[in-house]
Amino acid sequence: MNDIKAAWRALVAEALASCMNAKGLAGEPVSADAVIVEIPPKPELGDLGFPMFQYAKIFRSSPPAIAKAVAAALGGMAGAAALGRATAEGPYVNVLLDRVSVAAATLEAVQATGSAYGKTDNLAGRRIMVEFSCPNTNKPLHLGHLRNNALGESVSRILKANGAEVRKVNLINDRGVHICKSMLAYMKLGNGATPESAGMKSDHFVGHYYVRYGELADGAAGGESDAQELLRKWESGDPETLELWKRMNDWAVSGIETTYRRTGISFDDVYYESKTYQAGKDEVLAGLERGLFYRDGDGAVWVDLEDIGLDKKVLLRKDGTSIYITQDIGTAIKRHADWPFDRLVYVVASEQQYHFRVLFAVLERLGNAWAKDLHHLSYGLVNLPEGRMKTREGTVVDADALLDELIAMARDEIAAKGREDIIEDPDAVAEKVALGALHFYLLHATPAKDMLFNPKESLSFNGATGPYIQYMGARISSMIAKDASGEGKARSGAVKPGLLAADAEWVLVRRVATFPDIVAQAGAECNPAVIAGFLYDLAGEFSTYYHGNPILTAQDPDTSATRLALATAVGRILRNGCELVCIPFLEAM
RNA sequence: GCGUUCGUAGCUCAGCUGGAUAGAGCGACGGACUUCGAAUCCGUAGGUCGCAGGUUCGACUCCUGCCGGACGCACCA
């Protein structure tokens, strides 16, 4: 649709120029890029609209008068007549596209490209690394991670659909005081238990001890000196400490990986903080030697960023151990060496905006020219009706528990609708419906905004939800299957694009034709919500359409065949689009 | 205090680089299953787009100020 818009902008610019000539007006000709296109609020007004307000000064006449002149000029241009019809509507020049040719071209494009329909080459040749998830190994994933994972995976798929070479990376935060807390609790309260002996998923097992750290003397007192002490033993390489650390980390990581698998999330490469923090220390010390940083009286290393509106920040503690930002410095440098990227996107919550501004500034100061290619994709928190999720208050929405609940609900829904015997594997379908619901919910809102998760109202499968979109896909798949088995009239008819020119069909044709533009927009903005919203609109329009327009049982075979071709194209877009927002496409549900 | 960000219907969210009457879903109320799958569809009610200025032919959209919320400004991660 963007190409059609571009063509018409050029035509309107040409028409404006000829009108200026006709009136003997001097001045800069209007460039096609400057012409504003929009979609008229009502379909009957046209497919494209061009406001004429801005030309009133040049023409020294009213916008409606200009619109009439421009529409008349367009009417006399052979190039325009072939593409559609221009009319003046008040201060606007509106264009009615030639529906038949657009419909024919769109259906043909969808059919010819199939799973590739919608892809662009806007980012061709670009290497983009996307970092997301980044779990701590002291507890299982929660709802906030699910938003992060969905965003990271979806953005990666969208960037790839725009032609980029994408590398998805994870960073496991497997060292630090918080890890030591769960280790301490396990040492004192664990009695040698294992996830197997306790009958718990291994990451939940580790998280259980992290919570129980509060039962220890130091933990209950709000102190953490014993954990700091253990961290020092860890950094000095104490064998016993390392052994326990490795065992507990393996439990945590393998449990978290299980959650990734069940949600369809994957990575091309995984970095471990325990392996990169040392590199960060080295970089900081090298920067210190070069005079980029300074050491205070206590021995801590600082960077002064006040000249660019940031503060003075500590990069190394007085005892020489590294902190959060230290390892991020090392990790970034290592990543660029491993896989030189044109862009690195960090999918991290908005609460860390300041951290990333500092990180990028430090990396630039260290002389890394690619620091300008670092991008923080900031997203808002997932809040609960009672406020923020807090581990201590037990208000954290656990990822696995939420998934289990959604799956159970989907399973009940399938049973309630009496479809257990119709679909092949109800349990597998229930899982996919649950994922569709979860991912649509997490991705339909603009990333930057905080969002509210109200369990009672959010776990619905009706209305603007993932399952609504999946349902339309299943209905279309069902129709296609019936046609293939010989039901209906479509097989005896021929596809006639001329039959798609009516308003009802045109709504869908136009929407389908817009899909590549939507993919491009989502890629440019790194915003899956653009795709999610589009899919919901398309599904809704199709739903309205097929309620009022019989397809397999249409009056005549040609109409049936043509409508089925349209439905097939819609199904294709739903399938391609769902892939981009991590919503499983279902043939039946 | 400083910085970032958000404020659209009772609730959850859309609203394209400023443009024609601000749109959905949920909830409420009323309709539609002997007919391609009712996880659906159709209709009704519901908004001075936080407030006040400014820029503009035109502002939900841009600028300023104020009010309100969230987050950050740790030798925690």
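Note on naming: letters A, B, ... go to the chains in the order of the sequence lines (proteins, then strands), and numbering restarts at 1 for each one.
- A:Phe461 comes within 4.0 angstrom of a nucleotide base, judged by non-hydrogen atoms across all strands.
- The C1' atoms of B:rU21 and B:rC60 are separated by 15 Å, rounded to the nearest whole Å.
- B:rC62 and B:rG54 make up a base pair, with Watson-Crick or G-U wobble contacts both under 3.5 Å.
- Side-chain to base pairing of A:Asn94 with B:rA20: one donor and one acceptor N or O lie within less than 3.5 Å of each other.
- Looking at the side chain of A:Arg357, the nearest of the listed nucleotides B:rG3, B:rC42, B:rG37 is B:rG3.
- A:Glu273 comes within 4.0 angstrom of sugar-phosphate atoms only, judged by non-hydrogen atoms across all strands, and of no base.
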message = Let's go through A:Tyr92 and A:Phe50 carefully: what are the C-alpha distance in whole Å and the side-chain angles of both, what is the deciding distance for ring-ring contact (aromatic ring centres under 6.0 Å, His included) to 0.1 Å, and is it a yes or a no?
response = CA-CA 5 Å; A:Tyr92 293 85; A:Phe50 300 87; 9.8 Å; no
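- For the 3.5 Å distance criterion, the side chains of A:Asp556 and A:Thr559 qualify, holding a donor opposite an acceptor.
- A tilted orientation is assigned to the rings of A:Tyr346 and A:Phe356, their planes being inclined by 30° to 60°.
- B:rC75 atom P lies 16 Å from atom CZ of A:Arg295, rounded to whole Å.
- Base contact: A:Glu38 has a heavy atom under 4.0 Å from a base atom.
- A:Phe53 qualifies as a stacking partner of the B:rG19 base, centre to centre under 5.5 Å and near-parallel within 30°.
- Residues A:Gln352 and A:Tyr324 bring a donor and an acceptor atom of their side chains to less than 3.5 Å of each other.
- Comparing the C1' positions of B:rU34 and B:rG25 gives a spacing of 32 Å, expressed to the nearest Å.
- Comparing atom distances between the A:Leu45 side chain and each of B:rC41, B:rA20, B:rC75 picks out B:rA20 as nearest.
- Using a 4.0 Å heavy-atom criterion, one finds that A:Pro91 contacts no nucleic acid atom at all.
- Across all strands shown, the partner of B:rU44 is B:rA28, judged by Watson-Crick or G-U wobble contacts whose two distances both fall under 3.5 Å.
- Judged by closest nucleotide on RNA chain B, A:Asn454 is the one of A:Arg475 and A:Asn454 placed further toward the 5' end.
- Listed candidates were B:rG19, B:rC75, B:rC13. Nearest to the side chain of A:Met451 is B:rC13.
- Judged by Watson-Crick or G-U wobble contacts below 3.5 Å, the nucleotide B:rC49 has no partner.
- Considering only side-chain atoms of A:Lys449, the nucleotide from B:rG25, B:rU12, B:rA14 that sits closest is B:rA14.
- As judged by a 4.0 angstrom heavy-atom cut-off over every strand, A:Ile422 is placed among residues making no nucleic acid contact.
- At distances below 3.5 Å, at least one donor-acceptor pair connects side-chain atoms of A:Asn170 with backbone N or O atoms of A:Cys134.
- Within the 4.0 angstrom heavy-atom criterion, base atoms lie near A:Arg419.
- Nearest to the side chain of A:Leu452, among B:rU4, B:rC75, B:rU12, sits B:rU12.
- Of the candidate nucleotides B:rC42, B:rG72, B:rA20, B:rA20 has the atom lying nearest to any side-chain atom of A:Glu89.
- In this structure, of B:rA70, B:rU4, B:rG15, it is B:rG15 that holds the atom nearest to the side chain of A:Thr446.
- Using a 4.0 Å heavy-atom criterion, one finds that A:Ala445 contacts the sugar-phosphate atoms exclusively.
- Using bins of under 30°, 30° to 60° and over 60° for the plane-to-plane angle, the ring pair A:Tyr546/A:Phe542 lands in the parallel bin.
- Checked against B:rC71, B:rG19, B:rA38, the side chain of A:Glu351 finds its nearest nucleotide in B:rC71.
- Not a single donor-acceptor contact under 3.5 angstrom links the side-chain atoms of A:Asn549 to the base of B:rC36.
- Separation of the P atoms belonging to B:rG27 and B:rC42 is 16 Å when rounded to the nearest angstrom.
- Looking at the side chain of A:Leu381, the nearest of the listed nucleotides B:rC57, B:rG37, B:rC71 is B:rC71.
- For the residue pair A:Glu131/A:Tyr271, the side-chain donor-acceptor check at 3.5 Å is not satisfied.
- Residue contacts for A:Ala474: at a heavy-atom cut-off of 4.0 Å it reaches a base atom on one of the strands shown.
- Among the atoms of the strands shown, only primed sugar atoms or phosphate atoms (P, OP1, OP2) are found under 4.0 Å from some heavy atom of A:Tyr536.
- A gap of 14 Å separates the C1' atoms of B:rC36 and B:rC41, to the nearest Å.
- Heavy atoms of A:Val301 sit nowhere under 4.0 angstrom from any nucleic acid atom.
- Comparing A:His547 and A:Lys313 against RNA chain B, the residue whose closest nucleotide sits nearer the 5' end is A:His547.
- With its glycosidic angle within 90° of 0, B:rC33 is assigned syn.
- A:Tyr213 and A:Asp226 form a side-chain donor-acceptor contact under 3.5 Å, judged by distance and modelled atom types alone.
- Between the side chains of A:Thr137 and A:Asn249, at least one donor-acceptor pair of N or O atoms lies under 3.5 Å.
- Between the C1' atoms of B:rC67 and B:rU12, the separation comes to 24 Å (whole Å).
- Of all nucleotides listed (B:rA20, B:rG72, B:rU4), B:rU4 comes nearest to the side chain of A:Gln353.
- Donor-acceptor pairing under 3.5 Å, judged by distance alone, is absent between the side chain of A:Asp319 and the base of B:rC75.
- On the P atoms, B:rA52 is 23 Å away from B:rC57, given to the nearest whole Å.
- On the P atoms, B:rA70 is 44 Å away from B:rG31, given to the nearest whole Å.
- One interatomic measurement links the two molecules: CG of A:Asp537 to C1' of B:rA14, which rounds to 8 Å at whole-angstrom precision.
- Within 4.0 Å of A:Asp296, counting heavy atoms only, lies at least one base atom of the nucleic acid.
- Within 4.0 Å of A:Thr553, counting heavy atoms only, lies at least one base atom of the nucleic acid.
- Separation of the C1' atoms belonging to B:rU4 and B:rU40 is 44 Å when rounded to the nearest angstrom.
- Across all strands, A:Thr465 comes closer than 4.0 Å to no nucleic acid atom at all (heavy-atom distances).
- Among the atoms of the strands shown, only primed sugar atoms or phosphate atoms (P, OP1, OP2) are found under 4.0 Å from some heavy atom of A:Ile323.
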